[in-house]
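Notes follow once the structure below has been shown.
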There are 2 protein chains.
Amino acid sequence: MEKRIEVLSRRLQGYKFTPQRRLVLEVFLENEGDHLSAEEAYNLARVKDKDIGIATIYRTLDLLEEVGILHKSDFGDGRKRYELSQEGQDEHHHHHLVCLGCRRIQEVEEDLLNQLEGLVEEEKGFLIVDHRVQFYGYCRPCREKERG
Amino acid sequence: MEKRIEVLSRRLQGYKFTPQRRLVLEVFLENEGDHLSAEEAYNLARVKDKDIGIATIYRTLDLLEEVGILHKSDFGDGRKRYELSQEGQDEHHHHHLVCLGCRRIQEVEEDLLNQLEGLVEEEKGFLIVDHRVQFYGYCRPCREKERG
DNA sequence: ATCCGTGCAAAACCTTTGCAAGGCG
DNA sequence: CGCCTTGCAAAGGTTTTGCACGGAT
């Protein structure tokens with residue numbers, strides 16, 4: 001954990017690695033795989049530093065996204081969400097499963113969209129630089145609970 | 001146009017077909033294919049009725065979505081957008097091209113996602129009931145302007 | 001008279017910004 | 001000192017809500 005924080009913090013060259021910024025980073029490392037909203041990150045951070053401000057959270061999220069540590073998403077629930085960027089991933093292939101039951105978000109790895117993208121570029125002359133794919137439905141636990 | 005309005009208005013059974021609601025419907029019919037935000041719809045509606053209120057627009061958009069006349073989307077630009085639902089379309093297959101240059105949104109018809117959806121359901125046990133696919137990039141006019 | 005729908009203004013919600021104070025080289 | 005960062009509070013942008021008025025049944 002210490003090691004990972006240290007490695008990630010190197011991307012903050014030119015910016016100070018303040019206790020608050022470190023704290024936000026910790027929160028995301030401790031909740032890896034989660035897609036946290038600013039408020040959620042704020043609440044988690046406040047457990048360790050009750051004086052941290054929400055504005056600092058927003059500013060830190062912006063910063064961490066700018067340097068590529070976090071990735072911002074929007075699932076249409078009225079707030080932006082952030083997740084730890086996967087190392088070595090080219091930042092372009094994100095598929096999310098948004099459960100309409102529990103609102104949990106999981107990821108899918110496959111990228112079968114490439115052929116579709118090729119078609120679109122060819123037919124529409126539209127140069128694709130990013131895409132967003134979200135599936136809405138019900139995850140296995142929610143489906144089982146429903147049946148139960 | 002009159003005919004289409006009359007047909008669509010039948011879906012409002014149980015609700016009054018007021019002049020304001022009719023006006024909002026007209027705006028969407030006259031701008032078919034566009035993805036209008038509440039404010040845009042408001043401005044277009046005000047041309048014909050300068051006294052219409054923004055709250056009425058919001059309430060009407062909700063209502064028209066509820067009865068299936070409009071479809072709501074969120075392209076991550078901080079406001080919800082509405083488009084006329086396509087007749088006979090099962091409301092499930094929307095692909096959008098969001099131009100990062102001019103912010104115009106166009107649609108793609110193909111649905112090559114079915115196979116991907118099948119895979120997801122099989123592997124993750126996630127029952128998909130809707131999806132959102134958005135491509136971000138540059139449309140042909142913007143690319144040509146760039147080159148010029 | 002009763003509903004429902006409207007317009008206005010206020011509130012709500014998430015996010016950003018201004019600013020004075022703090023931290024640290 | 002000078003610069004960056006912080007926390008607070010205020011402001012901003014979008015959407016929702018409370019409320020009294022008004023029109024239609």
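Since we're looking at a predicted model, the values are computed, not measured.
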When rounded to whole Å, the OH to C1' distance for the pair A:Y15 and C:dC24 reads 19 Å

Side-chain atoms of A:D62 come closest, of C:dG5, C:dT6, C:dT16, to C:dT16

Closest to the side chain of A:I52, out of D:dG7, C:dA9, C:dT16, is D:dG7

Side-chain atoms of A:A55 come closest, of C:dT15, C:dG5, D:dA9, to D:dA9

From the candidates D:dT16, C:dT15, C:dG7, the one with an atom nearest any side-chain atom of A:R79 is C:dT15

B:F17 CZ to C:dC4 P, in whole Å, measures 19 Å

Subject >> Charged N-O contact under 4.0 Å between A:R22 and A:E2 >> reply: yes

Rounded to whole Å, the OH-P distance (A:Y42 to C:dC14) equals 13 Å

Among the nucleotides C:dT6, C:dC3, D:dT16, whichever has the atom closest to the side chain of B:Y58 is D:dT16

Of C:dC4, C:dT16, C:dC8, the nucleotide closest to the side chain of B:K16 is C:dC4

Q. OP1 or OP2 of C:dC14 less than 4.0 angstrom from a side-chain nitrogen or oxygen of A:S37, does that happen here?
A. no

| task | Quick one: label A:R59 by what it contacts on the DNA or RNA (base, sugar-phosphate, nothing), any heavy atom closer than 4.0 Å. | result | base

Sorted by position of nearest nucleotide on DNA chain C, 5' first, the leading residue of A:K72 and B:T56 is B:T56

| task | Check the pair A:H35, A:E40 against side-chain contact (heavy atoms from CB on, under 4.5 Å), reporting the backbone distance first and the verdict last. | result | CA-CA 9 Å; A:H35 302 68; A:E40 287 165 354; over 6 Å; no

Original post:
Do the non-hydrogen side-chain atoms of A:T18 and A:T60 ever get within less than 4.5 Å of each other?
Top reply: no

Whole-Å distance, B:L63 CG to D:dT16 P, equals 13 Å

Rounded to whole Å, CD of B:Q20 lies from P of C:dC4 at a distance of 17 Å

Query raised in the report: Around atom OH of B:Y15, are there more than 12 heavy atoms of other residues, nucleotides or ligands at under 6.0 Å?
Result: no

note: A:F75, atom CZ; C:dC14, atom P; distance rounded to Å ~ 17 Å

In terms of heavy-atom contacts, A:R79 and A:S37 come closest through CD-CB, 3.6 Å

To the nearest angstrom, the CD1-C1' distance between B:I54 and C:dA11 comes to 16 Å

A:I57 atom CD1 is separated from C:dT15 atom C1', nearest whole Å, by 13 Å

